[in-house]
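See structure below.
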Amino acid sequence: MSKIPQSLRYSDTHEWAEDLGNGRYRIGITDHAQALLGDLVYAEVPEVGKDLQAGTVCGVLESVKAAADLYAPITGKVLERNEALSDSPQLLNEDPYGTGWIMVVAAESAAFAELMDATAYAKIAEA
Amino acid sequence: MTKQTALYEWHLAQGARMVDFAGWQMPLQYASQLAEHKAVREAVGFFDVSHMRPLDIEGKDARSLLRHALANDVAKLDAHPGKALYSTMLQMDGGIIDDLIVYYRGGDTYRIVLNASGAEADTAHFQKLIDQHAWQVTLSKRSDLGIVAVQGPKARVRVADLLQIPALESLKPFTALEQDGFFIGRTGYTGEDGVEIIAANTLLPELAGRLLTAGIAPAGLAARDSLRLEAGLDLYGQDMDTSVSPYASNLGWTVDLRDSDRDFMGRNALEAELARGEGPRLIGIALPAGIPRHGYVLEDAAGTPCGVVTSGIFSPSLQCGIALARVDIPVAAGSILQLVIRGARKPAMVVKPPFWRQGAATFSFTEEC
């Protein structure tokens with residue numbers, strides 16, 4: 001059973017978003033996603049200032065065996081990114097909701113509200 | 001309907017993530033591919049490889065069949081019961097039908113281990129040759145047997161101790177012994193020392209349990225793939241298939257042309273290919289930055305496409321991207337090509353496989369790469 005914190009909201013492409021206040025949202029991949037991807041060895045994350053469009057590819061996550069696209073869960077602009085991931089991509093596996101966060105995005109609260117809650121995401125993750 | 005090995009329930013109980021591989025439900029990984037890979041490189045791990053299929057070949061014309069069907073020459077095994085040989089089997093045009101290991105069991109008896117994907121078709125192929133030549137050979141599909149590979153620098157001594165078979169400690173590479181219902185060959189697909197144990201399906205769950213109790217952890221297909229690629233070993237269906245010859249697959253060393261009277265399938269095509277002296281080649285590449293993936297294109301210094309990646313991974317042992325790639329121009333080890341990764345060009349150094357051998361890298365990056 002993968003962990004799905006109640007306090008976060010989720011996309012159907014297996015990213016989570018956390019409301020940091022003032023229109024800022026922290027983004028990462030879910031525990032379910034990291035388990036499916038396997039041991040991650042490389043993360044290509046969008047640069048600060050980049051405009052993101054919800055549901056489109058914004059980066060790449062690579063495991064030993066495969067490359068997977070990273071999708072933007074929400075439309076907005078990148079304010080910060082987790083620089084630690086370039087040297088330690090395994091943080092995505094070890095702590096996907098904590099030190100393995102990917103970026104902080106400025107976005108509209110309405111866009112955040114459209115994301116799924118934990119209960120709805122659990123149905124997708126378990127399907 | 002996918003098939004299950006004798007260890008299917010055991011894998012589930014170990015928390016394995018199962019995948020469909022060539023029609024079999026196989027463990028992809030247990031907890032971590034990286035940890036499983038590291039265990040095999042540094043100590044020992046074991047794999048259920050029961051999707052690979054033993055086929056027993058017996059009869060007074062068994063040797064004739066194998067000398068005709070295989071590109072390598074089983075005459076090398078004569079007078080050496082227990083000895084094994086790696087070979088390809090070819091179409092008349094030199095394309096590779098499958099790759100396999102054949103063990104000589106003395107007299108007129110051989111055992112072959114076939115890839116899961118080709119086992120049925122290969123067996124039919126052998127039977128067709130037997131019928132055509134009216135050879136006296138019996139093929140026995142051994143669906144009652146499964147295979148466990150124990151691999152790593154400590155594998156042989158650990159298995160010798162666990163199964164109380166001291167002879168394993170002096171077993172020579174590519175040789176097998178049979179004892180207590182176990183057929184144990186000093187072979188593998190990881191680049192490490194180790195053994196492959198063929199045994200009755202009914203014995204396998206207990207064997208797996210004993211290995212685990214002895215501190216030898218299971219490893220999945222994901223680790224098996226990263227280990228074999230570091231060792232520069234081809235995977236059938238990915239690095240080679242019926243469209244390419246052994247010479248185009250870094251397997252020229254497995255073709256035995258020495259006995260000019262031996263008429264094996266594909267021989268004429270291979271001799272013609274040798275006479276032309278050119279054709280595609282399978283090479284290794286390593287990248288200081290970027291991870292190569294199946295299908296990525298290689299370019300030469302002028303920016304002209306010259307090859308394509310057949311298998312690519314991030315190497316856990318080397319901590320860089322490595323791949324096998326098929327190129328259509330001659331390239332020397334150490335030369336630099338460009339790999340196109342999502343539109344960007346990354347320097348890729350040509351490496352003669354393997355990439356990793358006996359605990360160390362076989363190459364180092366230069367200033368240019």
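Excluded from the calculations below are hydrogen atoms, water molecules and symmetry mates; all remaining heavy atoms, backbone and side chain alike, are included. Because the structure is a prediction, the values reported are computed rather than measured. We name chains A, B, ... by the order of the sequence lines, and we start the count at 1 in each one.
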Region of Leu36(A) that comes under 4.5 Å of a non-hydrogen atom in chain B | both

Name the region of Gln90(A), side chain, backbone, both or neither, that has any atom closer than 4.5 Å to a heavy atom of chain B.
->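 Looking at Gln90(A), nothing touches chain B.
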
Taken to the nearest 0.5 Å, the spacing of Ile341(B) CD1 from Glu62(A) CD works out to 7.0 Å

Spatial distance of atom CG (Leu221(B)) from atom NZ (Lys65(A)) [nearest 0.5 Å] = 10.0 Å

Within 6.0 Å of CD in Glu83(A), more than 12 heavy atoms from elsewhere |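 Above 12, so yes.
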
So with a 6.0 Å cut-off around CD of Glu94(A), is the heavy-atom count from everything else above 12?
-> yes

Positions in residues 309-318 of chain B that reach chain A, provided some heavy atom is under 4.5 Å away = Gly312(B), Ile313(B), Phe314(B), Pro316(B)

Please list, in residue-number order, every residue in residues 17-39 of chain B that has a heavy atom less than 4.5 Å from any heavy atom of chain A; write 'none' if there are none.
-> Arg17(B), Gln29(B), Ser32(B), Gln33(B), Leu34(B)

Residue pair Ala67(A) / Arg342(B): nearest heavy atoms and the distance that separates them |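 Minimum heavy-atom contact is CB-NH1, 4.3 Å.
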
